[in-house]
*Asks:* 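Just dropping this structure here.
Every value quoted in this text rests on a predicted model; they were computed, and no experiment measured them.
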Amino acid sequence: MNMAGVIFSNLFDEYFGVLTKNRTVASLPFGGRYRFIDFILSNMSNSNVTNVGIITKYNYNSLMDHLESTSEWDFNRKNGGVFILPPFSTGITTLYHGKLEALFSAIEFLEKLTQEYVVLSDSTVLCNIDYEDALDTHLKSGKDLTVITHRVPSNCSKKYALLIKADDNKNVTDLIVDYPAMEDGELAGMGMYIMERVQLITAIKDAIAKGRHHLEKDFFQKEFNEGKIGVNYYEFRGSVLCNTNISSYYDNNLRLITDEKLKRDLFDARRPIFTKIRDEVPTYYGKGAQPDNCLIADGCRIFGSLYNSVLFREVKIGSGAIVKNSIIMQGSEIGEGCVIENAILDKNVTITPGVKLTGARNAPIIIEKGEIV
Amino acid sequence: MYHKKKECVAMLLAGGQGSRLMVLTEDTAKPAVPFGGKYRIIDFPLSNCVNSGIDTVGILTQYQPLELNDYIGNGGPWGLTSNFGGAHILPPYSKSKNSEWYKGTANAIYQNMSFIERYDPEYILILSGDHVYKMDYSKMLEYHKAKKAECTIAVLDVPIEEASRFGIMNLNKDGSIYEFEEKPKVPKSTKASMGIYIFNWKILKKYLIEDEEDKKSSKDFGKNVIPHLLGDGRKMFAYLFEGYWKDVGTIDSLWQSNMDLLNPDSGLNLEDPTFKIYARNYANPSSFVCKGSLIENSFVAEGCTVNGNIINSIISTGCYIEKGTQIENSVIMPNTRIEEGSLIKYAIVGEEATISNNSKVGDDPEGYSNSDWGIAVVGKGKTVDPDTVVKVKEVI
């Protein structure tokens, strides 16, 4: 396809607290066996976007470990592939502060590409989207920028990074940054943009020279308001999961259990979500196992009761243990007779037998990676 | 072209039809039959090779190879993609003077001598693609070298009452073989051949050429090549393997071997992180277990939706199990659909089969005489209509 991809892996790290202490937001585990980046990369792979740069800032060990040769996502190619773009000091910018600055560290990658268009994507919005269709719309519109949007659900007060207002003929009339949606069904940006590559490169260089770093505010909004760029929007109609903080991250994981439409949309078998293969055995359910409305990955051994929870790979649940409304990440072990409610257990946590942990539904208790409780 | 010399090259005989597996191998080769929820039988010898440090494997295919070829692909899932070596699929091919199918196991290797010669190996490991077992072949090779043997055959100690079902090796005190008897009526020993051979390549090559010239030979390792080496007084040793091994060539043994996964005393344990069994993965999401389902002593692989009661069973990847179903002591192969109210007991349900509403497949052994009872089998891709009964021992 005539479009390459750029993914921001570190943006919004600060909103996920201890969960991103040692990893990028892109490598946050999600939905039993995935990481955020799996959704973004699989979408690109399934849309034949074969050249992808991932912009990193720090903590990208876990990301590189997860991606390895990228062959699981079909990116082990002669022409193209995935390129990890760590920050490099050029004298102008060291560690970046906004997306424009971040893109500056990707400028060499962008300049070498042969594709005419680029799709930019954050890594916190999860969906199953066809970028070929989005590019089609972009080309037909003849505009400089296409903002990929979805209709916001009925929680108006939430702040969105970017809102689009359009008239009945689908012409964009306003582009608003960092503002709460005022009514249901407004068009919110999904942190995904399509632009012509050379135009993007010029804009990045120009912005850096003028000391601007905020992509949406300093570039999109400013130039749109000044009439310098034409803006189009693409309305994505499938299910969308926006992860903006720990609370929404927790809710979105649990939504995978209850929301049938979401499951159908996200795990469309024609457009599979790929992830790292770990070659575990299937999950074993022993005597006393009572799984009830749960999402359970491979390699677990279950002897306890589970309600409304997400279990990642290789989790062990001791007999008599009760786990409710919780997210248990890879390799964690819950001892006999434990009661875990409203909790997020990061990777390789050990809960010794008999321990009770209870968080609140709107403020789940979080146990850091590798801790023993 | 330069080919790096390899100490040992493995040749995996994967051309078997597996006719005793009936509807499960109608359009697929036996090594591609699913096993244990997410594996296929061929994953065992391939993973054993990788875990034994053997990185060059020739896979000889013949019967219905499409699915098997597709499954093996470039050998990536097993890490068999090295620059020198890796997994190679070797089907029979036409030559300038004549073209022929593989006429027997020995002939299959004979026809691929030029593949083996490229790696100039000292030793050649012959494997078959229809056994479930975990084995470190490097230990067998060490034994072969220590004994300065020309051929080493892996053997298993079987109960004497079962010995007449196997090829039996009669041994001297030092472990050398003095006689080989195929399915003896009165067995003299309990050391059964596992169909795993290590040869010094130079020796095997000589015997393969001779065997090919012998018009009366049926070109088979067990029937011709091994007896020929023995007759010539070659140094042949038996290597005793201790561990789980099962020939899954029949419906009963395939079912039993799957059930052995659920029995901690069976010796079949796939959870050892230092000796993993690798398989091709198909990007399935996590499994979803619905409210009110009961799962006991069972394996459930990824990509399933489970809504019924599952006891002592193997549920493979991508199965959809509706509510009100009861599955006991059964093997459900990948991507099957079990509809509402179905009852499945002591059965194997093939890949992509559908069991429609309120059907009954198989039954407990209680209430049947030994000869009347057996595992019920639903073939690959078959549909059992609503309210239908598939009787015990029935194969559809």
*Asks:* Where do A:Y285 and B:V289 come nearest, in terms of heavy atoms and distance?
*Replies:*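 Smallest heavy-atom distance, with atoms named: OH-CG2, 3.7 Å.
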*Asks:* Any chance you could lay out the side chain to side chain contact (heavy atoms under 4.5 Å, CB included) test for B:Y39 and A:V281, step after step, and finish with the verdict?
*Replies:* CA-CA 9 Å; B:Y39 307 96; A:V281 292; 3.3 Å; yes
*Asks:* Pick from B:G76, B:A301, B:G36, B:P273: which one has the most heavy-atom pairs with chain A under 4.5 Å?
*Replies:* B:A301
*Asks:* Any chance you could measure A:D279, atom CG, to B:S47, atom OG, to the nearest 0.5 Å?
*Replies:* 8.0 Å
*Asks:* Flag the one option from B:I311, B:L294, B:I315, B:I295 with the top tally of heavy-atom pairs under 4.5 Å to chain A.
*Replies:*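 If we count pairs closer than 4.5 Å to chain A, B:I295 comes out on top.
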*Asks:* Less than 4.5 Å to any heavy atom of chain B: does that hold for the side chain of A:T275, its backbone, both, or neither?
*Replies:* neither
*Asks:* I need the residue from A:N293, A:D292, A:I296 with the largest number of non-hydrogen atom pairs under 4.5 Å to chain B.
*Replies:* A:N293
*Asks:* With a 4.5 angstrom heavy-atom cut-off, is it the side chain or the backbone of A:Y284 that approaches chain B, or both, or neither?
*Replies:* both
*Asks:* Can you tell me how far the CZ atom of B:F299 sits from the CZ atom of A:R301, to the nearest 0.5 Å?
*Replies:*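 Rounded to the nearest 0.5 Å, the CZ-CZ separation comes to 6.0 Å.
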*Asks:* At what distance, to the nearest 0.5 angstrom, does CD of A:E280 lie from NZ of B:K276?
*Replies:*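 These two atoms lie 6.0 Å from each other.
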*Asks:* Mark yes when over 12 heavy atoms from residues, nucleotides or ligands other than B:N269 sit less than 6.0 Å from its CG; otherwise mark no.
*Replies:* yes
*Asks:* Among B:P285, B:G37, B:G303, single out the residue with the greatest number of heavy-atom pairs under 4.5 Å to chain A.
*Replies:* B:P285
*Asks:* Which one wins on heavy-atom pair count under 4.5 Å against chain A: B:V306, B:N307, B:L270, B:V300?
*Replies:* B:V300
*Asks:* Contact part of A:Y307 toward chain B, heavy-atom cut-off under 4.5 Å: side chain, backbone, both or neither?
*Replies:*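 No part of it gets close to chain B.
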*Asks:* Name the option with the most non-hydrogen atom pairs under 4.5 Å to chain A; the candidates are B:I277, B:N284, B:T317, B:L261.
*Replies:* B:N284
*Asks:* If we define contacts as heavy-atom pairs under 4.5 Å, which of A:C294, A:A269, A:P272, A:G286 has the most with chain B?
*Replies:*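 When all of A:C294, A:A269, A:P272, A:G286 are compared, A:C294 has the most.
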*Asks:* To the nearest 0.5 Å, how far apart are CG in B:N281 and NZ in A:K276?
*Replies:*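 It comes to 13.0 Å.
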*Asks:* For B:K291, is it the side chain, the backbone, both or neither that has a heavy atom under 4.5 Å from a heavy atom of chain A?
*Replies:*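 Interface part for B:K291: both.
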*Asks:* CD1/A:I257 to OG/B:S286 distance, rounded to the nearest 0.5 angstrom?
*Replies:*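 With rounding to 0.5 Å, CD1 (A:I257) is 10.0 Å from OG (B:S286).
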